[in-house]
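Written out below as structure tokens is the structure these notes cover.
Both counts, for ligands and for their atoms, begin at 1 and track the order of listing.
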Amino acid sequence: MAVTSPIITRIHLDRIVDCARAIKSQTRVELWPVIKADAYGLGARPVAETLKNVADGFCVFSLDEAIDIDLHRMTGKPVIALGPGNPARLAEYLAHGVRPVVCNIDQAAALREGQPILNVDTGMQRFACPADQIDAIIAAGTITEAMTHATTLGHVETLRRLTSGRSMKLHAAATALLHQPAAWLDAVRPGRALYERAVEVSARLVEVRPATGPVGYTGFKCERYGVFLGGYFNGLRTGPCTIGGRRCEVVEVGMQTSFVRLDEYADAAVGSEVILLGDDVPAVDVAQAWRCSVQEVLTQLVGRSCRTYV
Ligand SMILES: *Cc1c(COP(=O)(O)O)cnc(C)c1O
């Protein structure tokens, strides 16, 4: 599907590396880039290849994501599978250099040889263990490292408190807590921060016309509009765009075609490039228009487009 998409994504791998280096020099702790979900649609293989000299290790969600791209052998780096550990697959964790994350005694005991990491519940209440089971799980898995999926400093503080006195390696911070030194602990696990400014998504106008009445399925009103190929099949929704550096609006999205209002922009012509995500159309603005997260914009739009690497 991706190769036939009329929506083109240029992925600036150098920006991902620059961002990773900046995070590392600011935090001075281990950097474990999260490349789950095909690196949020940007491509787990090229992203990991690019980051292998900056990263201390990589995070995926499932063991299979790591096996699919032979992540450990390709990068020479250790890997953590953040999703629920599978007690039946110890041999595969070991063979592929992937450490499981565990949150109960069964998982911890079955995966003990794979150096499991304890996931402590500090508020997310998902794939993580309650405070009163921490001791038993640590003992079952001879565990020396603990993490939590933190969204607030309070979550980080809870992790520290619940594991204090055990001299464990600890990590908690994803993108949302990167600006909070108290959240850095021994390692950070950013995903979104690495990717949100590294992509430019575009399409080209295939028609430009004056309107003769209400236009499209929704009957939107304008004086002049453009059409490009690509629609909700390609993950697109209505929202901001630019043409020739000027803000325009994607006013209607169909299955595989979309409409742009051109009233304010007389220079637009057939062949003009419509930027749907990029320096002048930041992912946060698109996410706001779509009423969703930046992560969702990236996986929806970039993940289904025709990707090129620069
Ligand atoms: C996805 C994920 C991250 C990265 O989140 P971002 O907000 O994209 O930085 C970090 N830790 C865990 C456990 C995750 O599931």
Discussion item. One thing to verify: whether D18 and R197 come together as a salt bridge, which I'm taking to mean a side-chain N less than 4.0 angstrom from a carboxylate O.
Written reply: no

Item to complete: Give me the ring orientation class for Y225 and F220: parallel if the planes are under 30° apart, tilted from 30 to 60°, perpendicular past 60°.
Response: perpendicular

Practice prompt. Only pairs at least two apart or in different chains count here, so list each salt bridge (Lys or Arg N to Asp or Glu O under 4.0 Å) that has a residue in residues 136-145.
Written response: R99-E145

Practice prompt. Can you see which heavy atom on W184 is nearest to which on V29, and at what distance?
Written response: O-CG2, 4.1 Å

Worksheet item: Looking at K169, K24, R189, which one forms a salt bridge (Lys or Arg N to Asp or Glu O under 4.0 Å) with E30?
Response: K169

Discussion item. Tell me whether Y217 shares a hydrophobic cluster with V227, the cluster being built from Ile, Leu, Val, Met, Phe, Trp, Tyr side chains joined at under 4.5 Å.
Written reply: no

Worksheet entry | Proximal protein residues to ligand 1, non-hydrogen atoms under 4.0 angstrom | V34, K36, Y40, L82, M147, H149, A174, T175, R189, P190, G191, R192, Q295

